[in-house]
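Just so you know, ligand 1 is whichever comes first in the structure, and atom 1 is the first atom listed for that ligand. Computed from heavy atoms alone, side chains included, the values below leave out hydrogens, waters and symmetry copies.
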Amino acid sequence: MEAKDSKKKIILTGDRPTGKLHLGHYVGSLQRRVQLQDSGKYDEINILIADDQALTDNWDNPQKIRDNIIEVTLDYLSVGIDPDKTNICIQSGIPALHALTFYYMNLVTTQRLSRNPTVKAEMVQKGFSSAEGENDNNAGLPAGFFTYPVSQAADITAFKATTVPAGEDQEPMLEQARELVRKFNTTYKRDVLVEPEILLPENESQRRLPGLDGKAKMSKSLGNCIYLSDDAATVKKKIMGMYTDPEHINVADPGHVEGNMVFTYLDAFCRDDQFAEYLPDYQNLDEMKEHYKKGGLGDVKCKKFLIKVMEEMLSPIRESRAKWAARIPDVYDILKDGTGKAVKTTNQTMDEVRDAMRINYFEDRSIIQDWDTWINGKH
Ligand code: TRP
């Protein structure tokens with residue numbers, strides 16, 4: 001217990017660089033990362049750009065991954081991730097992650113991997129498996145994709161992360177990582193690896209932002225996103241086209257606020273003081289909702305207010321993004337330095353892993369004694 005309390009608090013989070021980041025990412029994770037970064041409560045914070053993991057279902061399109069490494073990094077920097085406080089690194093440049101994955105493969109069964117609910121859902125989505133079953137046709141399932149939770153366990157444990165801020169969908173990955181840590185430490189009889197904990201979003205509105213069309217999730221594949229890189233005109237157009245209340249046809253009609261995306265977004269983003277500035281007819285969102293429900297408040301007016309609210313938040317991000325985008329060589333150096341640091345940290349873990357397994361033949365001369373006794377016929 002004591003050792004645990006004195007343990008360093010280390011954060012690792014990651015993203016697959018498969019697309020630019022959108023408002024859903026901002027609400028669900030980016031904002032939180034900036035808060036955690038600025039809280040001063042952690043000894044070390046790492047963000048891993050998981051390009052190798054992204055390749056497990058994009059192996060035929062490395063160009064897409066390559067381009068999005070820069071996009072995602074620009075998104076990080078523009079929301080306030082500070083490279084002096086948060087180490088940003090690229091997975092493929094960190095050899096220890098690959099080595100560790102290989103050893104972990106021995107400590108997990110294929111049956112256990114096939115029970116991972118996140119992977120199962122993705123398998124159905126990608127057509128590798130049908131919704132019904134475990135044992136049906138997985139013939140097209142690439143081994144790399146199937147085993148990515150092992151690689152993710154390597155990501156987390158190579159940094160000896162104690163804390164992984166992530167959404168609920170990542171809980172099965174964390175569970176798998178903890179199992180591997182226990183299995184490793186007991187098999188090789190040394191407490192080298194650290195069990196990580198997930199840090200879930202604090203409140204409901206941080207968890208998941210629905211899409212502009214009212215679908216449960218904002219996602220690139222559904223085409224219902226506002227991107228952090230969208231310009232003001234695009235944001236305006238997207239908000240004007242947002243899903244509201246299909247029964248609210250004339251301004252005078254009573255309207256619904258539940259399931260009405262304009263109000264869902266206002267719930268997530270607007271502050272009372274913004275009413276005085278942009279919509280003085282109301283003191284706060286409750287008053288505005290009351291009027292909408294009674295009838296007499298039109299969608300266009302609501303949307304115009306939402307545009308103001310969103311712009312207040314998005315325009316500084318957009319400006320910062322543009323500044324960083326004009327300094328790509330600096331962005332490149334940030335990634336290079338961050339990856340270099342990560343290589344050092346994770347090589348240290350890998351040394352301990354090899355030592356625990358006694359496979360560090362050329363660093364530990366005492367291993368030669370084993371060979372001596374073998375040569376002398378005592379084995
Ligand atoms: N699986 C995560 C996602 O799809 C990305 C990821 C890769 C990650 N490695 C990680 C998240 C390590 C947390 C920790 O979003």
Can you sort out the partners of R271 under salt bridge (Lys or Arg N to Asp or Glu O under 4.0 Å), two or more places apart, ordered by chain and number?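 For R271 the salt bridge (Lys or Arg N to Asp or Glu O under 4.0 Å) partners, ignoring immediate neighbours, are D273, E312.
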Taking the six-membered ring of Y148 as reference, does the NZ or CZ atom of R16 fall below 6.0 Å from its centre and within a 45° cone about the axis?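 Checked: cation-pi criterion met.
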Between R321 and W324, is NZ or CZ placed under 6.0 angstrom from the six-membered ring centre and within 45° of the ring axis?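 Judged by the rule (NZ or CZ under 6.0 Å from the ring centre, within 45° of its axis), R321 is not positioned above W324.
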Taking the six-membered ring for Trp, are the ring centroids of F275 and F305 within less than 6.0 Å of each other?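 Centroid distance F275-F305: below 6.0 Å, so yes.
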Those protein residues which place at least one heavy atom below 4.0 Å from ligand 1: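 For ligand 1, the contacting residues are L12, G14, R16, A50, Q53, Q152, D155, I156, V164, Q170.
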L222: which other cluster members, linking ILVMFWY side chains closer than 4.5 Å, directly or transitively?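 None; L222 is a cluster of one.
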Please write out which residues are connected to L199 in a hydrophobic cluster, directly or through intermediates, given that two of Ile, Leu, Val, Met, Phe, Trp, Tyr count as joined at side-chain heavy-atom separations below 4.5 angstrom.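 The other cluster members (ILVMFWY side chains, heavy atoms under 4.5 Å, direct or chained) are I11, L36, Y42, I45.
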